[in-house]
Amino acid sequence: MSAEVPQALIDEVLRTAGSTPDRLLQILVTLQAQLDFLPPTLISRLAEQLGMPRSRVEGVAGFYSFLHLAPAGRYRVRFSDNIIDRMLGSEALMATMCANLQLRPGVPSADGRVTVSTTSCTGMGDQGPAVLVNDRAIGRLNHQRVMEICDLIRHDAPLSAWPEELFHVDDNIRRADALLSSPMVAGSALAKAVALGRDGWLAQMQASKLRGRGGAGFTTAVKWLACRDAAGADKVVVCNADEGEPGTFKDRVLLNRHADLVFEGMTLAAWATGARDGLLYLRGEYAWLRPQLEATLAARRAAGLLGSGILGQTGFDFDIAIHLGAGAYVCGEESALLESLEGKRGTPRIRPPFPVTHGYLGRPTVVNNVETLAKTCLIARDGGAAFAATGTAQSAGTKLLSISGDCARPGVYEYPFGVSIQQVLDDCGAADVLAVQVGGASGVTVAPYEFQRRIAFEDVPSAGAFMVFDSSRDIFEVARNFVHFFAHESCGFCTPCRVGTALLKGYMDKLAEGYGALQDLADIDWLDRLLKNASHCGLGSSAPNPVVDTLLKFRPAYERRIQHADFQPAFDLDGALARARQMTGRDDAGAHFDTGMGATR
Amino acid sequence: MSATFLLDGQPVSFEPGQTILEAARAAGRYIPHLCWHPDFPPHGSCKLCIVKVAGRHVSSCAMPAKEGWEVESDTPEMNGERRALLQMLFVEGNHFCPSCEKSGNCQLQALAYDLEMMTPRFNHFFPDRPVDASHPDVLLDFNRCIYCELCVRASRDKDGKGIFALTNRGIHKHLVVNAESGRLADTDFSADDMAANICPVGVILHKRVGFAVPIGQRTYDEAPIHLVAMRPEAAGDD
């Protein structure tokens, strides 16, 4: 197939997805879905037709995990590799699948039919172990389901013919508060905001004290005001639906069940800022949500809630387009997300300037999290003061938590800010808890003596993940899993993150493999500090968090892996001599380390 | 009258919009750097130019100076972190200075001497990076790449060719050239391109000029980089 991509297909994709360089990622995603991989000749032809150097097309295609420059099979099975999936048995299930399909992880099967590999958290922690098969998600994996998938693959059944039941995804809403418990008629919140006028609506937003739910906690009204006041008439509203933080899935539930609230929140942001263009950046792992999201958008257009003259207001023109990501956690960082929206590699930008003045294509841009935007509907409906009345002094309103791990009832829980970690643990049915990872891999590891602390920006902030580990778990392995995650997801732009995350991974593996020395803990401390201080963006500076926290609070988990008080190399010295012994035909004492005369201390 | 900030306790004046590094250079003060180049906008990837402002680390090449700031640069703390960043750059590639044609003209090597990097400290990655000797006039030895992207930027923004780009990500990030074959010979690259003459390390080397100047008599053999880099003609190249 590689040599013969029909020109008609390329033309069709360029016609529908656009044919300018800023559309490159969407073009590649579309072609990947149709062709299973992006052959070298296709890269060359795309570069020619888009009028850009081939090297740049290759550079973009090579950045994203879900784009393949070499054949990867018609079926690409990706096991979610978050620690939660592992705790639910994903590794054994993947080994079973590989054995059944007679292939090795990450290597296409001999017949070119299928590749089985791992991927970063797919946002299904409440119903894992989970896999993606091409762009479809499958949860609640067990031996029987693995066998069923293997059979379907062996029989070349097209994904569209697989039993729909396999793809069923539960919302698992376990506790509903202000947002999840009150159904809203599409357009009702928008009508209230429009009645207030643009300034009146912004005043309500200011009164609400709403802060961003994506993790950073920036005051939303301040962002909107700055964008409104920025020079340039062509403002943009971006919804960050790149929910890549391991252990988080509440945005998946919002998009699946309450997409209208999200789109209405984007429209409310447009009303406040004067933006005409809206973009929803949907992570590649959630591509399966796209058809229903497009349907919701179509319904809103038909109802006069998107398009020109929204709700009869002359000059209130706004519409929303969906962009797909392709497997890159760093794109959740807002400036990397903008780069990705522009069809480039997801490398975070230098700031300042900030997106509110220089964002998408240099235009003033508001970037808000899915949950933040949904919350603005509550503010429009009930008023800013009512919203600010719940939560804590510095954290108004409610927070959606994605709860997974060792508990009886994993799922989405909505609490007013200020709820204690102990309360959450009681509610989700967790017992004998060793630690909770709040806020995902980049968040905080909370030990039992801290369980009275509260979820709030002023205490334990959280983008939403809440992973529970009971006393049967090894907290070192939790941290090691997160370190592997950051090394895999580093964009590689800056020295400290590119090399530091890879080095940290090496140290953690060294400890895991039994070569740990006391000096390694000092080196780990030093790397943690460099990453935190010198990194270009939040990915690098938060990458050491799980190690810093677990070293501080669970140091014995590391110390029991320390075999040597002094230096110890990261590999087996004597083992490294095996090849030399074989080549020289020797196996006497002098050909071994640490036996008699060998040691060089 | 222009505004001033303090660099290691000494006042430095600056014009609005000037970065910390630019203002420091204009005042004759050196801040280490690798990916920064006077002919290009700040890049901010190598992080050698990090300085401390009010407890925060910032890239001085990219951060606009502000009135009254107290900036720490030439301190044991900042130089210690810079040394570690150099160690990271050394272990992630394959750097064998004694056999490298760039030795003595290499900014990475010169900075390592200047900042007294005595050991690589971390484990070497020993990556497998094939050399591209296909071009008649230029050799590419990717083993020494530090991802400053100066060749990428020069070819794209000055030569108008887009010969180089980065692909993949994280520790697997690497340079590619603008050809389906992946070979430099199959591009329109020329030894006269700015991109062919801007590499601060020994990746992009001209053929047939090896060791024209003996090691020991080269740029950074004669003077340390903190002096060379401040010469008016210093444009980052030797």
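Letters A, B, ... are given to chains in the order of the sequence lines, protein chains preceding strands, and every chain is numbered from 1.
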For [X], is it the side chain, the backbone, both, or neither that has a heavy atom closer than 4.5 Å to a heavy atom of chain A?
| X | value |
| --- | --- |
| B:I163 | backbone |
| B:H43 | both |
| B:R156 | side chain |
| B:F125 | side chain |

- [ ] Look at atom CD of A:Q7 and say whether more than 12 heavy atoms of other residues, nucleotides or ligands are closer to it than 6.0 Å.
- [x] yes

Below 4.5 Å from any heavy atom of chain B, which atoms of [X] appear? Answer side chain, backbone, both or neither.
| X | value |
| --- | --- |
| A:L503 | both |
| A:T501 | neither |
| A:R345 | side chain |
| A:A47 | neither |
| A:Y64 | backbone |

Open item on the list: Using 30° and 60° as the class boundaries, would you call the ring planes of B:F164 and B:F189 parallel, tilted or perpendicular?
Closed with: perpendicular

- [ ] Could you check whether the rings of A:F485 and A:Y329 sit parallel, tilted or perpendicular, using 30° and 60° as the cut-offs?
- [x] perpendicular

- [ ] Considering only heavy atoms and a distance below 4.5 Å, find which of A:A534, A:G506, A:A61 pairs most often with chain B.
- [x] A:A534

TODO: Select, from A:V330, A:L527, A:T347, A:V499, the one with the greatest count of heavy-atom pairs under 4.5 Å involving chain B.
DONE: A:V499

- [ ] Give a yes-or-no answer on whether the side chains of A:S44 and A:R54 include a donor-acceptor pair shorter than 3.5 Å.
- [x] yes

Open item on the list: Whether the A:E489 and A:S120 side chains hold a donor-acceptor pair (N or O, under 3.5 Å, no angle test) is what I'd like checked.
Closed with: yes

Open item on the list: Keeping B:N94 on the side-chain end and B:H124 on the backbone end, is there a donor-acceptor pair under 3.5 Å?
Closed with: no

TODO: Give a yes or no on whether the backbone of A:N545 and the side-chain of A:S542 come within a donor-acceptor separation of less than 3.5 Å.
DONE: no

- [ ] Would you indicate whether the side-chain heavy atoms of B:H33 and B:R25 approach each other to under 4.5 Å?
- [x] yes

Task: Validation row: A:F63, A:C491 side chains within 4.5 angstrom (heavy atoms) - done: yes

Who among [options] has the most heavy-atom pairs with chain A under 4.5 Å?
| options | answer |
| --- | --- |
| B:R56, B:K173, B:M88 | B:M88 |
| B:I171, B:T167, B:V177 | B:T167 |
| B:G162, B:S45, B:P42 | B:S45 |
| B:N123, B:L166, B:I146 | B:L166 |

- [ ] Show your working on salt bridge (charged side-chain N to carboxylate O under 4.0 Å, His left out) between A:D523 and B:R121 and close with a plain yes or no.
- [x] CA-CA 9 Å; A:D523 284 356; B:R121 175 161 185 157; 2.6 Å; yes

